[in-house]
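Here the structure is laid out as structure tokens; the discussion comes afterwards.
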Amino acid sequence: MNKTYLVTGATGFIGAHLVRQIVAAGDRVKVLSRQSSLPRHLADLVRPEVELVHGDLLEPASFRAHLRGLDGIYHLAGYIATARSEARRVHDLNYTVTHNLLQELQATPVPRMVYLASIFALAGGGKTPVNEDTPYNLAGNPVGYFQAKRQAELEVRAAAKDIDIVFTYPCFCYGPGDALISSSRLLLMHLRGQLPVYFSGGLNSMDVRDAAAALILSMHKGQAGRRYLAGRV
């Protein structure tokens with residue numbers, strides 16, 4: 001029997017690939033969006049199995065009805081920026097949207113939520129590779145995005161005591177369909193000779209399609225309350 005999943009952040013880089021893979025598996029997707037139509041680069045998602053539903057995670061009343069009758073939720077919505085002028089937006093689109101969704105799920109339960117978490121809300125790397133249980137060590141970092149994701153992370157962990165939630169942390173993603181150049185920017189700058197300096201260290205990267213597959217595995221195979229790093233070994 002076909003299942004129905006709601007995806008927040010479905011128009012993003014990972015989200016669009018996630019929707020494609022859910023549909024390819026024979027299930028249906030509700031794409032929660034503030035827009036009345038999908039962006040041009042996602043024209044292939046205009047199909048019977050994909051329903052565009054209007055809602056804004058900053059306004060709970062606008063998406064409340066869309067939580068009914070679901071087999072699960074993939075919560076990917078978020079926003080990355082480091083400029084101080086964007087601090088309020090970064091907080092709202094990472095923490096507040098997550099807080100609002102969790103509040104609504106208390107009244108309208110779903111079988112499972114898969115949360116696209118951030119490695120920056122888990123721990124920072126060092127000489128020893130990070131794992132799912134590494135103690136948080138970025139508390140002194142002033143970047144607003146890190147702080148907002150950590151605040152959201154802690155609230156989701158608390159909610160996981162009552163709601164079936166699986167945490168998935170994809171590593172840095174590359175691949176096709178990065179229409180907004182969100183993940184490919186640094187790579188393109190390097191290829192164009194626009195990076196004036198280099199930093200020591202390393203970066204675990206993965207194909208964006210593998211990240212989407214990891215989210216689906218979390219929905220079907222993950223253990224409630226568990227955290228899973230997804231990356232290349």
| task | Find out whether L101 and F63 are in side-chain contact, i.e. whether some heavy atom of one side chain is under 4.5 Å from a heavy atom of the other. | result | yes
| For S118 and Y145, which heavy atoms make the closest approach, and how far apart are they? | OG-OH, 3.8 Å
| query | Quick one: does NZ or CZ of R226 land under 6.0 Å from the six-membered ring centre of Y228, within 45 degrees of the ring axis? | reply | yes
| query | Within a reach of under 6.0 Å around CD of Q35, are more than 12 heavy atoms found that belong to other residues, nucleotides or ligands? | reply | no
| message | Between K3 and D27 (salt bridge meaning N to carboxylate O under 4.0 Å), is one present in this structure? | response | no
| Gap between atom CG of D56 and atom CZ of R34 - 0.5 Å precision | 5.5 Å
| Between the main-chain N or O of T4 and the side-chain N or O of D71, is there a donor-acceptor pair closer than 3.5 Å? | yes
| Can you hop from V156 to Y79 via hydrophobic side chains spaced under 4.5 Å? | yes
| Can you say whether the rings of H75 and Y115 are parallel (under 30°), tilted (30 to 60°) or perpendicular (over 60°)? | parallel
| query | Under 4.5 Å between any side-chain heavy atoms of I163 and Q106, yes or no? | reply | yes
| message | Has H66 got a side-chain atom pairing as donor or acceptor with H54's backbone, closer than 3.5 angstrom? | response | yes
| message | Grouping I, L, V, M, F, W and Y whenever their side-chain heavy atoms are under 4.5 Å apart, do V110 and F167 come out in a common cluster? | response | yes
| message | For a 4.5 angstrom cut-off between non-hydrogen side-chain atoms, does I80 reach N94? | response | no
| message | Are L67 and I73 packed together at the side-chain level, in the sense that at least one heavy-atom pair is separated by less than 4.5 angstrom? | response | yes
| message | Please report the interatomic distance CD(Q151) to CD(Q147), rounded to the nearest 0.5 Å. | response | 9.0 Å
| request: Side-chain contact test, heavy atoms from C-beta onward, threshold under 4.5 Å: evaluate it for N100 versus T96 and give yes or no. | output: yes
Do any side-chain atoms of residues 9-22 form donor-acceptor pairs under 3.5 angstrom with protein atoms, and if so which ones, sequence neighbours left out?
| unit_1 | atom_1 | unit_2 | atom_2 | d |
| --- | --- | --- | --- | --- |
| H17 | NE2 | P176 | O | 2.7 |
| R20 | NE | D44 | OD2 | 2.7 |
| R20 | NH2 | D44 | OD1 | 3.1 |
| Q21 | OE1 | A213 | N | 3.4 |
| Q21 | NE2 | R209 | O | 2.9 |

| query | Is V166 reachable from L122 through a run of hydrophobic residues whose side-chain heavy atoms are each under 4.5 Å from the next? | reply | no
| Closest approach of L52 to S33 (non-hydrogen atoms, all atoms of both residues) | CD1-CB, 3.6 Å
| What are the two closest heavy atoms between A123 and T134, and how far apart are they? | CB-CG2, 3.6 Å
| task | Please round to the nearest 0.5 Å and tell me the distance separating atom OH of Y169 and atom CG of N131. | result | 11.5 Å
| said: How long is the straight-line distance from OG1 of T98 back to CG of L93, given to the nearest 0.5 Å? | reply: 9.5 Å
| Does a side-chain heavy-atom distance below 4.5 Å link R47 with V23? | yes
| query | Under a single-linkage definition using a 4.5 Å side-chain heavy-atom cutoff for Ile, Leu, Val, Met, Phe, Trp and Tyr, are L215 and V97 assigned to the same hydrophobic cluster? | reply | no
| query | How long is the span from the CG atom in N204 to the SG atom in C173, to the nearest 0.5 Å? | reply | 10.0 Å
| request: Identify the heavy atoms of L57 and A77 that sit nearest to each other, and give their distance. | output: CD1-CB, 3.7 Å
| query | Given V29 and L45, is the side chain to side chain contact (heavy atoms under 4.5 Å, CB included) satisfied, shown in steps? | reply | CA-CA 10 Å; V29 178; L45 297 183; over 6 Å; no
| request: Walk me through it: do R150 and L138 pass the test side chain to side chain contact (heavy atoms under 4.5 Å, CB included)? | output: CA-CA 9 Å; R150 180 61 179 176; L138 297 173; over 6 Å; no
| query | Are any of the side-chain nitrogens in K149 or E153 under 4.0 Å away from the carboxylate oxygens of its partner? | reply | no
| Distance in Å, L70 CG paired with R28 CZ, rounded so as to fall on 0.5 Å steps | 12.0 Å
| note | Between R112 and M219, the two heavy atoms sitting closest are NH1-O, 3.1 Å
| L6, L105: one ILVMFWY side-chain cluster at the under-4.5 Å cut-off? | yes
| task | List the atom of P111, the atom of G72, and the distance in Å for their closest heavy-atom pair. | result | CD-N, 4.4 Å
